[in-house]
Amino acid sequence: MTRFILTFCLLTMLSCQNQPMTSQDLALAMTETKSETVLTCKKGPLEYSLFDQPDLNRELFAVAFRAEAQSHSLYNLIVDMRLKDGGHFVSPNATGYFSGKFTMVIDDTDAFEVIGKLIENPLTKEELDLHPFINGPVNWVRENTTYTQQIQLNTENSFEVHGYIQFTIEPACTLEKIPFIIKQNDGVLKFEFFGC
């Protein structure tokens, strides 16, 4: 029995091993469209892009950021997640403890206030996963999903606030951290990718 447990632990550690990233592992390709920048980041075998029209033939997932005005000072920050090839991640609505749960982190600022919780659409449903690392209920995001966070502006002045989304993409078992910036210049609010 001990031999079985040791073998299982060794295989598990090898399958989820994170490799240090060097500048050679990270490649950027950037093109300009009339309204958006399309950026593809490659980390080892995985790629993701910020998209106008993502190339999902090459990427495990794609993400886009945008801001939509609801009123003069009320905005929705929208994260659009696109998945392919069985890619999935744990919903922020999952009730259990999952270290790779989808999370949106925004630096502290006086420029705006975050209103309410992150809204997932479509809303995931809890399912039973018998994988040894889960072995219980979980909300997997298995389809294209948007996340909306509402903010109330406190200023009309220019500002820049950084943040990121973070999640573990399965079945690759890699922790993804994608930085963004929320900025206002000349009364125009933008929510966009910040860099790899």
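When all heavy atoms of F102 and P92 are compared, the pair lying nearest together is O-CB, 3.4 Å. Of all heavy-atom pairs between N144 and L83, the closest is OD1-N, 2.9 Å. Across N139 and A94, no two heavy atoms sit closer than the pair OD1-CA, 3.6 Å. The heavy-atom pair separating H88 from G86 by the smallest distance is ND1-O, 2.7 Å. Here the shortest heavy-atom pairing between D110 and N154 reads O-ND2, 3.2 Å. Minimum heavy-atom separation, E176 to T174: OE2-OG1, 2.8 Å.
For residues 104-124, the ring-ring contact (aromatic ring centres under 6.0 Å, His included) pairs, not counting sequence neighbours, are F112-F159. Judged as a salt bridge (charged side-chain N to carboxylate O under 4.0 Å, His left out), the pairs with a partner in residues 135-144 (not counting sequence neighbours) are, in order, E127-R142.
For the pair I165/V63, a side-chain contact is recorded, criterion being any heavy-atom separation below 4.5 Å from C-beta on. Two residues are said to be in side-chain contact when any heavy atoms from C-beta on lie closer than 4.5 Å; L77 and I151 meet this criterion. Considering only heavy atoms from C-beta on, L123 comes within 4.5 Å of N93 through its side chain. Contact of the L189 side chain with the L153 side chain is registered, since non-hydrogen atoms from C-beta on lie closer than 4.5 Å. No side-chain heavy atom of Y147 sits under 4.5 Å from any side-chain heavy atom of I78. With a 4.5 Å cut-off on side-chain heavy atoms, V90 and T168 do not count as touching. At least one side-chain heavy atom of P137 sits less than 4.5 Å from a side-chain heavy atom of E126.
Judged by distance alone, the side chains of E156 and H72 do bring a donor and an acceptor atom under 3.5 Å apart.
Judged purely by atom type and a 3.5 angstrom limit, D85 has no side-chain atom pairing as donor or acceptor with the backbone of G87. A donor-acceptor contact shorter than 3.5 Å links the side chain of K101 to the backbone of G96. Using modelled atom types, one side-chain atom of Q149 and one backbone atom of I115 make a donor-acceptor pair closer than 3.5 Å.
R66 and E192 are not joined by a salt bridge, as no carboxylate oxygen comes within less than 4.0 angstrom of a charged side-chain nitrogen.
Remark: N135 CG is packed, more than 12 non-hydrogen atoms of other residues, nucleotides or ligands lying under 6.0 Å away. When the shell of 6.0 Å around CD of Q70 is examined, it contains more than 12 heavy atoms from other residues, nucleotides or ligands.
In the hydrophobic clustering of ILVMFWY residues, with side-chain heavy atoms under 4.5 Å counting as a link, L118 and F65 come out together. M104 and F167 fall within a single hydrophobic cluster, where Ile, Leu, Val, Met, Phe, Trp and Tyr side chains are chained together by heavy-atom contacts under 4.5 Å. In terms of hydrophobic clustering, with Ile, Leu, Val, Met, Phe, Trp and Tyr side chains grouped at heavy-atom distances under 4.5 Å, V114 and V79 are assigned to a common cluster.
In this structure, CD on E68 lies 11.5 Å from CG on L74, to the nearest 0.5 angstrom. The CD atom of Q152 lies 3.5 Å from the OG atom of S73; values are rounded to the nearest 0.5 Å. Atoms CZ and CE, from F61 and M81 in turn, are 5.5 Å apart once rounded to the nearest 0.5 Å. Taking CD of Q166 as the start and OG of S99 as the end, the distance is 9.0 Å to the nearest 0.5 Å. Between the CG atom of L128 and the CD1 atom of I134 there is a distance of 10.5 Å, given to the nearest 0.5 Å. N76 contributes atom CG, which lies 10.0 Å from atom OG1 of T146 (distance to the nearest 0.5 angstrom).
Taking the six-membered ring wherever Trp is involved, the centroid distance between the rings of F180 and F194 does not fall below 6.0 Å.
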Would S91 and E120 count as a side-chain hydrogen bond (donor to acceptor under 3.5 Å, both in side chains) if you check the C-alpha gap in whole Å, the side-chain angles of each, and the deciding distance to 0.1 Å? CA-CA 8 Å; S91 165; E120 180 180 68; 2.8 Å; yes
